[in-house]
Colleague: 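Have a look at this one.
Note on naming: letters A, B, ... go to the chains in the order of the sequence lines (proteins, then strands), and numbering restarts at 1 for each one. In this text, all values refer to a predicted model and were calculated from it rather than measured experimentally.
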Amino acid sequence: MNGTADVTLVRARGLRKDYGSGEGLVRAVDDIDLDVQTGQTVAVMGPSGCGKSTLLHLLGGLDRPSGGEVELAGRRIDTLPERGLARLRREAVGFVFQAFHLMDELTAVENVELPALLAGRSPKAARRRAAELLEQVGLADRATFLPSALSGGQRQRVAIARALVSEPLVVLADEPTGNLDSAATMEVLRLFDRLHQAGQTLIIVTHDARIAATAGRLISMRDGAFVDETRLTGGSTGRLSALAGLDG
Amino acid sequence: MQQEVVLAMLAKEPSHGYQLRARLRQALGPLGDGMNDGQIYVTLTRLEKAGLVASQPAAGLPERPDRKMYELTPAGQQRVADWLSDVSWPRSDLAEFHLKLIAAASAGLADPLAIVDAQRRELLRRLRDVQRAALAEPDRSAAGLLLEGIVLRLQADLRWLEACERNWTRKDQS
């Protein structure tokens, strides 16, 4: 859009995921096509049970589709063998979950560096990168804290730093503000905004309208399918002050 | 500018007009950008006529040649006290939107779902604009708190639109 060529980073065609069989068959993801360009922030919104988390799992190689294709940076991932898939999850995709999924017995910095260590980075390099990321998410002074000593918003920021440690092509976030209060949600939104400015590709599944409104590209999902796509271009009518009840 | 707001800003201490203006700007942040400075003086003049405010000639600073220092009269103080204890809340326009949907559907003028959709886009744009302003505020600023309030209200409206959508989708199918 802004002068750079649009490069499709995540591509899905005819994507499908079924659970159960016969009478009990549930089509959690039903024939979805999706193209996400490098640097885009995409929000997928929909009621719980609409299949949006399943979609995210398929895109990130956490789960295999029942049909259709997924490509990441031009490579089919749905046909990768288990080891290749595990490697892809470690190196090319960053995950952020609603419940943070931090290791309780590891400090913030140990949590962040863990994926880098698993990917074979030297302990020194992993620690340096983890420290940088904690700095970026504004938690340099909490590096040696255990998750239990951190607030919800701080834990999620640690989880986001961890998702970034392997410099993933795409960050996939599943209800990242679902467990957070309003102020902590702002912290996370601010961070996503900075990541977006820095060119990070983000796909966020959410029913938080605040995330959707900042995403720029918003997809609505119902019963496993995309029903609407909105690009929030242009400003709102009226002035901010009117929204606050100040005009007139 | 609402008279009570100007009165309440004056409750702290006798002040020049420009001091009231500064207090309002501090409280409102980016939302005060469109504030017309002249309005405060117009309001002060009205309040003075109504006997709620009294003014004294005062020597302003050289760069701030305010001629007057304003203070609350006892009647003005009473008005501020009444205003603080008043629990009325701005009227919402949900009923109007609700009737818009009913009228559109019953007269076949427009698809209510399309109206809901257009409204949702508009609210999301507003939410984005407010959110941007909120992100630009330093932590714990007075204006940030106001912006948070607007965000929460817009979220509530968006949730209601979801309910509207469900309702009119069902009616469509029956």
Side-chain angles (χ1 to χ4, degrees), chain A residues 41 43 45-48 50 138 151 153-154 177 180-197 206-223 227-248, chain B residues 1-2 5 24 27-36 39 89-92 113-114 116-140 143-163 165-166 169:
Chain A
T41 297
M45 276 194 97
S48 27
C50 74
S151 71
Q154 290 171 338
T177 58
L180 302 181
D181 65 22
S182 182
T185 294
M186 282 299 286
E187 293 170 14
V188 168
L189 278 173
R190 192 168 273 147
L191 188 50
F192 280 150
D193 191 48
R194 283 223 307 278
L195 292 177
H196 175 68
Q197 302 299 333
T206 184
H207 52 236
D208 187 335
R210 282 168 296 183
I211 291 196
T214 44
R217 185 176 170 197
L218 167 58
I219 296 172
S220 305
M221 198 167 166
R222 299 257 185 296
D223 299 328
V227 291
D228 186 41
E229 171 157 351
T230 310
R231 289 185 196 238
L232 291 176
T233 49
S236 55
T237 62
R239 312 167 44 84
L240 283 186
S241 50
L243 289 175
L246 281 171
D247 286 8
Chain B
M1 182 61 54
Q2 206 190 326
V5 173
L24 276 167
L28 297 174
L31 297 169
D33 286 350
M35 205 165 60
N36 178 354
Q39 270 179 319
W89 197 252
R91 168 183 88 86
S92 89
L113 286 175
V116 170
D117 209 48
Q119 196 65 42
R120 180 183 11 242
R121 282 167 203 242
E122 172 59 20
L123 291 189
L124 283 168
R125 279 191 205 100
R126 289 184 189 179
L127 185 56
R128 180 201 52 193
D129 292 351
V130 179
Q131 197 74 47
R132 277 190 192 154
L135 287 174
E137 281 298 302
D139 268 359
R140 293 186 183 76
L145 185 61
L146 173 58
L147 290 163
E148 184 179 343
I150 303 173
V151 164
L152 291 169
R153 277 206 166 184
L154 285 169
Q155 281 183 281
D157 287 345
L158 281 162
R159 277 214 293 281
W160 183 59
L161 285 181
E162 281 173 28
E165 183 184 1
R166 278 195 300 277
T169 307

Colleague: Which pair of non-hydrogen atoms, one from A:Ala213 and one from B:Leu124, has the smallest distance, and what is that distance?
Modeller: CB-O, 3.5 Å

Colleague: Going through the distances and angles, do A:Asp228 and B:Arg121 end up as a side-chain contact (heavy atoms from CB on, under 4.5 Å)?
Modeller: CA-CA 11 Å; A:Asp228 186 41; B:Arg121 282 167 203 242; 3.4 Å; yes

Colleague: What residue, out of B:Pro30, B:Ala134, B:Gly32, has the most heavy-atom pairs lying under 4.5 Å from chain A?
Modeller: B:Ala134

Colleague: Under a 4.5 Å cut-off applied to non-hydrogen side-chain atoms, are B:Glu148 and A:Thr185 in contact?
Modeller: no

Colleague: Of the backbone (N, CA, C, O) and the side chain (C-beta and beyond), which part of B:Val130 lies under 4.5 Å from a heavy atom of chain A, both, or neither?
Modeller: both

Colleague: Quick check for you: to the nearest 0.5 Å, what is the distance between B:Gln131 atom CD and A:Asp193 atom CG?
Modeller: 9.0 Å

Colleague: With a 4.5 angstrom heavy-atom cut-off, which part of B:Leu135 approaches chain A: side chain, backbone, both or neither?
Modeller: both

Colleague: Side chain, backbone, both or neither: which part of A:Arg222 has a non-hydrogen atom closer than 4.5 Å to chain B?
Modeller: side chain

Colleague: Rounded to the nearest 0.5 Å, what's the gap from OG1 on A:Thr214 to CG on B:Asp129? Could you check?
Modeller: 11.5 Å

Colleague: Quick one: does A:Arg210's side chain get under 4.5 Å of B:Leu154's, heavy atoms only?
Modeller: no

Colleague: Using non-hydrogen atoms and a 4.5 Å limit, figure out which bit of B:Leu127 sits close to chain A: side chain, backbone, both or neither.
Modeller: both

Colleague: To the nearest 0.5 Å, what is the distance between CG (A:Leu218) and CZ (B:Arg128)?
Modeller: 11.5 Å

Colleague: Should A:Met186 and B:Glu137 count as side-chain neighbours, where that means a heavy-atom distance under 4.5 Å?
Modeller: no

